[in-house]
Amino acid sequence: MSNKMDSIVSLCKRRGFLFQSSEIYGGIQGFWDYGPLGVELKRNVREAWWRDMINAHDAYSTPEGAPSAFGMVGIEASIIMHPQVWKCSGHYDLFHDFMVDCKECKSRFRVDHIQVALASSTSGPARCETYIHNSDEAGYSGSKKKRLEKAAGEGGSVSEVSLDRYPAVLAEHGADVAGDLIPRCPVCTGELTAPREFNLMFKTIVGALGTEEDAAFLRPETAQGIFVNFKNVLDSARVKIPFGIGQIGKSFRNEITPRNFTFRSREFEQMEIEFFCHPETSQHWYKYWRDRRMKWYKELGLSEERLILREHDKAELSHYSTGTADVEYAFPFLPEGEYGELEGIAHRGDFDLRSHMEGKLDEKSDPLVLQLDADGNPKWKGSGKDLQYFDDQTRERFTPHVIEPSAGADRATLAFLCEAYTEDEAPDDQGNLQKRTLLKLNPRLAPVKAAIFPLIKKEGLPEVALGIYREMKSAGLNVVYSQQGAIGRRYRQQDEIGTPWCITIDVDSVTDGAVTIRDRDTLEQTRVPVSEVTSEIQRRLRG
RNA sequence: GCGGGAGUAGCUCAGUGGUAGAGCACCACGUUGCCAACGUGGAUGUCGCGGGUUCGAACCCCGUCUCCCGCUCCA
């Protein structure tokens, strides 16, 4: 990890931004706690998002770049939902896999990714070979093919089945998984472990006497809480399409490799919007949200050079999506030229609402159709509730299309921290340049808005300073007071936690009623009357 | 999950079997009085956790947890 990242991690611990969860017990992988300053920073990130996306949204004007005016409301859904939600959303299938490991070469495979080629001679199943489904090599070949053909012999045949269904297929032929019929590692032909369940969703049991049948999951994303409440919001909130529903909340995923500080955590917070619109204008809305969300990060301080908007190419897109873009940031823990995802903006078509109406749709189908099981029945049954929208102006009934800007609150917080971390030089009391560490956080995000210092702790200065402190506190500003140590040291301490302004009360203040506001980034000092200092800080906070 | 490295004070780290250390940070007093590290004094550790070897373990051995790097995985 880069030196810069080490310094950031160290500062976060030292000054109380971030701690490892349960640290006194040795910690727990993939979980993090926000300290006194970190919680303020993250709250400010959340509040900036909620205010900019929801509360301050003007539903009666058309923003620049948008097709029309639109509404925005929020919800807060529960973390645990009906298990069927995850089956219809596709998460159950996607996040829930059986894996086998090779005991020799330590490779790990999804059971349904291993394809078994089974050679049957006239007397029944004789030998199997494995290969990786969808690998570049087209199926089994070379020596594997020769061995199979030999085993099948005259009049025999070779059939294929995925490893998850292989034991059942053998059983149909009255054969056991033994000898040459034991599937081996497709890479090195080593011995494979029995299939083991991998669940990327956190499983829990509902009810004090609950059993496995009462299993439920902690949500792996907040989005589904919005989709399942689509009708409720429509019926209660006097909203009309186009409109968006926003939500901030925790999600949980059993990440295989939690790493890179808080970047990949097992418990994380999302800030998501599901924006519902008419299919015909959906492309325009997609572009609008993509560009608007990108702008949001820039306005809060992420630099153009370290931020990119990456459109997914065709191969990367889900079949039902006609566009997905990631907002990515060049985190210091990544190699030069690599970026980490902050937010994904996806055009999801009508996949989600239809899946919750009709049942889980097959992502690979085009046009989307219901996913069926081996017997031809719906794989996962939907709610059966009508989630269509009726436009009473046009008398049109349709399933809205969805644009989903889905952001990580912890990732955004980390990006703002990384961007803000700066080492520069500032003069000491001799006028010599000295190293200075500061967080150049946008004032909206800064945990502490201002620090109030009496230049010396006598001659009535602390009293004046405390008066200002109390006034600013009652105005709702998070400010701190300190009379400890040399003034230069106090400035440096505040620089390090990103406090944008320091207010210093000197001996003249007692007679002229004016104080000095010192700017974190420019070191500029401005003299303002005590009576105006609170409003001046509020003015500067508004930008 | 595999391989490598690491874990000692709040932070950065030294300490190869014999009383637990440094710098910075922190607290008190003094000094200075608008840009850090001035003086004096002070507090701070189950040396990640558990077990073992030993008269004696931060140090050697075993296990375990966490962090970092490289694989693997990545909706």
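Only this structure's heavy atoms are used, side chains among them; waters, hydrogens and symmetry mates stay out. Chain letters run A, B, ... following the sequence lines, proteins first, then strands; residues in each count from 1. Quick caveat, the model's predicted, so the values are computed rather than measured.
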Among the nucleotides B:rC35, B:rC27, B:rG10, which one has an atom lying closest to any side-chain atom of A:L523? B:rC35
Between B:rU40 and B:rG23, how many Å separate the two P atoms, rounded to a whole number? 12 Å
To the side chain of A:Q20, which of B:rU66, B:rG33, B:rC35 is closest? B:rU66
What is the distance, to the nearest angstrom, from the CG atom on A:L438 to the P atom on B:rC35? 17 Å
Using the benzene-type ring in the case of Trp, are the ring centres of A:W32 and A:F19 under 6.0 Å apart? no
Heavy-atom nearest nucleotide on RNA chain B taken for A:L94 and for A:G27; more 5' hit belongs to A:G27
Pick the C1' atom in B:rG48 and in B:rA6, then give their distance to the nearest Å. 11 Å
Under 3.5 Å on both distances, the Watson-Crick or G-U partner of B:rG56: none
Atom P, compared across B:rC26 and B:rU66: separation rounded to whole Å: 33 Å
When rounded to the nearest Å, what value does the distance between C1' atoms of B:rG41 and B:rU53 take? 44 Å
Just the rounded figure in Å: distance from C1' of B:rC74 to CD of A:E338. 14 Å
If I pick the P atom on B:rG4 and the same atom on B:rC74, what distance separates them, to the nearest angstrom? 25 Å
Closest to the A:R492 side chain: B:rC11, B:rG33, B:rC35? B:rC35
When every non-hydrogen atom of A:I403 is compared with those of A:P405, the smallest separation belongs to O-CD, 3.4 Å
Work out how far the C1' atom of B:rC68 is from that of B:rC60, and round it to whole angstrom. 25 Å
Side-chain contact check for A:I487: nearest option of B:rC11, B:rC26, B:rC34 is B:rC34
Both distances below 3.5 Å, Watson-Crick or wobble geometry, any strand: find the nucleotide opposite B:rC26. B:rG42
Roughly how far, to the nearest 0.5 Å, is the CD1 atom of A:I503 from the OG1 atom of A:T516? 10.0 Å
Both distances below 3.5 Å, Watson-Crick or wobble geometry, any strand: find the nucleotide opposite B:rU32. none
To the nearest Å, how far apart are A:K13 NZ and B:rU66 C1'? 12 Å
Tell me whether the side-chain N/O atoms of A:N260 come closer than 4.0 Å to OP1 or OP2 in B:rC69. yes
Can a cation-pi geometry be assigned to A:K203 and A:F217, taking NZ or CZ under 6.0 Å from the six-membered ring centre and within 45° of the ring axis? no
Phosphate-side-chain proximity, A:Q493 and B:rC35, N/O vs OP1/OP2 below 4.0 Å: no
Rounded to whole Å, how long is the line connecting atom CZ of A:R266 with atom P of B:rC67? 9 Å
For A:A407 against A:Y297, the heavy-atom pair lying closest together: CB-OH, 3.4 Å
Would you indicate which nucleotide in B:rC27, B:rA25, B:rG33 comes nearest to any side-chain atom of A:K458? B:rG33
Should B:rA14 form a Watson-Crick or G-U wobble pair with both distances under 3.5 Å, which nucleotide is its partner? none
Quick one: does NZ or CZ of A:R518 land under 6.0 Å from the six-membered ring centre of A:Y491, within 45 degrees of the ring axis? yes
RNA chain B nearest-nucleotide lookup for A:F268 and A:G485: closer to the 5′ end is A:G485
What does A:E23 touch in the nucleic acid at a heavy-atom separation under 4.0 angstrom: a base, only the sugar-phosphate, or nothing? nothing
Just checking, A:R219 and A:F252: is the charged tip under 6.0 Å from the six-membered ring centre and within 45° of the axis? no
Nearest-neighbour nucleotide for the A:R14 side chain, B:rU12, B:rC34, B:rG10 considered: B:rG10
Base-pairing assignment for B:rG3 (Watson-Crick or G-U wobble, both under 3.5 Å): B:rC69
Let's test your reading of the model: under 3.5 Å, does the base of B:rC67 pair with the side chain of A:R259 as donor and acceptor? no
So what does A:G35 hit on the nucleic acid, given a heavy-atom distance under 4.0 Å: a base, only sugar-phosphate, or nothing? nothing
Neighbours of RNA chain B within residues 495-517 of chain A, by heavy-atom distance under 4.0 Å: A:T504, A:D506, A:T516
Interatomic distance where CG belongs to A:N254 and C1' belongs to B:rU72 [whole Å]: 17 Å
Whether A:Q29 contacts B:rC67 is assessed here as follows: a side-chain N or O lying under 4.0 Å from the phosphate OP1 or OP2. Is that the case? yes
Please report, rounded to the nearest Å, how far the C1' atom of B:rC34 is from the CG atom of A:L461. 12 Å
Distance-only donor-acceptor test (3.5 Å): side chain A:R264, base B:rC74: yes
Could you identify the nucleotide paired to B:rG63, looking across every strand shown and requiring Watson-Crick or G-U wobble geometry with both distances under 3.5 Å? B:rC49
Nearest-Å distance once atom P is located in both B:rC38 and B:rG50: 39 Å
Check for me whether A:R15 meets the cation-pi criterion with A:F17, that is, NZ or CZ under 6.0 Å from the six-membered ring centre and within 45 degrees of the ring axis. no
Answer yes or no: are there more than 12 heavy-atom neighbours, outside A:E76 itself, under 6.0 Å from its atom CD? no
Any donor-acceptor N or O pair under 3.5 Å, side chains A:D506, A:S509: yes
Heavy-atom count around A:E425 CD within 6.0 Å, excluding the residue itself: above 12? yes
With rounding to whole Å, what would you report as the distance between B:rA9 and B:rG3 at their C1' atoms? 33 Å
Rounded interatomic separation in angstrom, taking CE from A:M5 and P from B:rC69: 10 Å
How long is the line joining CD of A:Q525 and P of B:rC35, in whole Å? 8 Å
Could you tell me whether the phosphate oxygens of B:rC34, OP1 or OP2, come under 4.0 Å of any side-chain nitrogen or oxygen in A:R490? no
